[in-house]
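Right, one structure below, let's go through it.
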Amino acid sequence: QVELVESGGGLVQAGGSLRLSCAASGGPFSDSAMAWFRQDPGKEREFVAAINWSGLGTKYADAVKGRFTVSRDKSKNTVYLQMNSLKSEDTAVYYCAVVNTIIPGPTQSVASWGQGTQVTVSS
C-alpha cells in the first residue's frame, strides 16, 4: 500500500519561501514519477511540478516556472518542492502524487494521492 505524507505548509508573506516535503512509502517507485498538484476551494486541482523518480527529468507549470524547484532524495524516499518568491495566487492545498509521467495532460494518470498540506501566502 502506497502512502504519501506531505508536510511543510504554513503561512508566509508574499515574496517568502517554503519547502514542502512528501515522504513516500510502499514503493518501489523506480518506474514511476512524483508530482505536486494544488487546489483552492471552488477551483479544479491543477498540476504544479513533477520529477521522475530517477531524477532525470522535471516538469513545471508555467505559473511556477523559475520560482519553484522539485527534487527528490531517493535514499530518504522523499520528494521536495522548494517554493520561492511566493505570491498570493500560490495559496492552495498542495498534494503529492504518484504519477505515470511528468507530462500533465490526458496521458497522465495518478496512482496515489497524499492528504495535502495547506500553503497560505499573505499580501
- [ ] Considering non-hydrogen atoms only, spot the tightest contact between M34 and A24 and give its length.
- [x] CE-CB, 4.3 Å
TODO: Can you see which heavy atom on V121 is nearest to which on Q13, and at what distance?
DONE: CG1-C, 4.0 Å
Open item on the list: Tell me which pairs pass side chain to side chain donor-acceptor pair (under 3.5 Å) where either residue lies in residues 30-43, with sequence neighbours left out.
Closed with: R38-E46, R38-D90, R38-Y94, Q39-R45
Taking only distance into account, with no hydrogens and no angle test, what donor-acceptor pairs under 3.5 Å do side-chain atoms of residues 98-110 form with protein atoms, sequence neighbours excluded?
| residue | atom | partner | partner atom | Å |
| --- | --- | --- | --- | --- |
| N100 | OD1 | S109 | N | 2.7 |
| N100 | OD1 | S109 | OG | 3.3 |
| N100 | ND2 | T107 | O | 3.0 |
| T101 | OG1 | I103 | N | 3.2 |
| Q108 | NE2 | T101 | O | 2.9 |

- [ ] Sequence neighbours left out, what pairs pass disulfide bond (SG atoms under 2.5 Å apart) with at least one residue falling in residues 83-123?
- [x] C22-C96
Open item on the list: Ignoring hydrogens, what is the shortest heavy-atom contact between S123 and A14? Give both atom names and the distance.
Closed with: CA-CB, 4.4 Å
- [ ] Give every residue pair that meets the ring-ring contact (aromatic ring centres under 6.0 Å, His included) criterion with at least one member in residues 96-123, sequence neighbours excluded.
- [x] F37-W113
Task: Pairs satisfying disulfide bond (SG atoms under 2.5 Å apart), at least one member in residues 42-78, at least two apart - done: none
Could you go through residues 55-65 and list every donor-acceptor pair under 3.5 Å that involves a side-chain atom there, pairing it with any protein atom two or more places apart or in another chain?
| residue | atom | partner | partner atom | Å |
| --- | --- | --- | --- | --- |
| Y60 | OH | V70 | N | 2.8 |
| D62 | OD1 | K65 | NZ | 3.1 |

Task: Non-neighbouring partners of Q118 that pass side chain to side chain contact (heavy atoms under 4.5 Å, CB included), sequence neighbours left out - done: T91, V93, T120
Open item on the list: If we ignore hydrogens and angles and just use 3.5 Å, is the side chain of E6 paired with the main-chain N or O of Q115 as donor and acceptor?
Closed with: yes
Open item on the list: Measuring only between side-chain heavy atoms, which start at C-beta, is Y95 closer than 4.5 Å to T117?
Closed with: no
Open item on the list: Within the structure provided, determine whether L20 and M83 are in side-chain contact (heavy-atom separation under 4.5 Å).
Closed with: yes
Task: salt bridge (charged side-chain N to carboxylate O under 4.0 Å, His left out) contacts in which one or both residues fall within residues 93-106, not counting sequence neighbours - done: none
- [ ] May I ask you to test the L18-V119 pair for a side-chain heavy-atom distance under 4.5 Å?
- [x] yes
TODO: Considering non-hydrogen atoms only, spot the tightest contact between S122 and L11 and give its length.
DONE: CB-CD1, 4.3 Å
Task: Which atom of A97 lies closest to which atom of L4, heavy atoms considered - done: CA-CD1, 3.7 Å
TODO: Apply side chain to side chain contact (heavy atoms under 4.5 Å, CB included) to S17 and list each qualifying residue two or more places apart in sequence or on a separate chain.
DONE: Q82, N84
- [ ] Output all residues satisfying side chain to side chain contact (heavy atoms under 4.5 Å, CB included) with D73, sequence neighbours left out; order by chain, then residue number.
- [x] S75, K76, Y80
Task: disulfide bond (SG atoms under 2.5 Å apart) partners of residues 45-92, not counting sequence neighbours, each pair once - done: none
Task: Where V2 and G26 come nearest, the two heavy atoms and their spacing - done: CG2-O, 3.7 Å
Open item on the list: Going by the rule ring-ring contact (aromatic ring centres under 6.0 Å, His included), which residues pair with F68 if we only count those two or more places apart in sequence or in a different chain?
Closed with: none
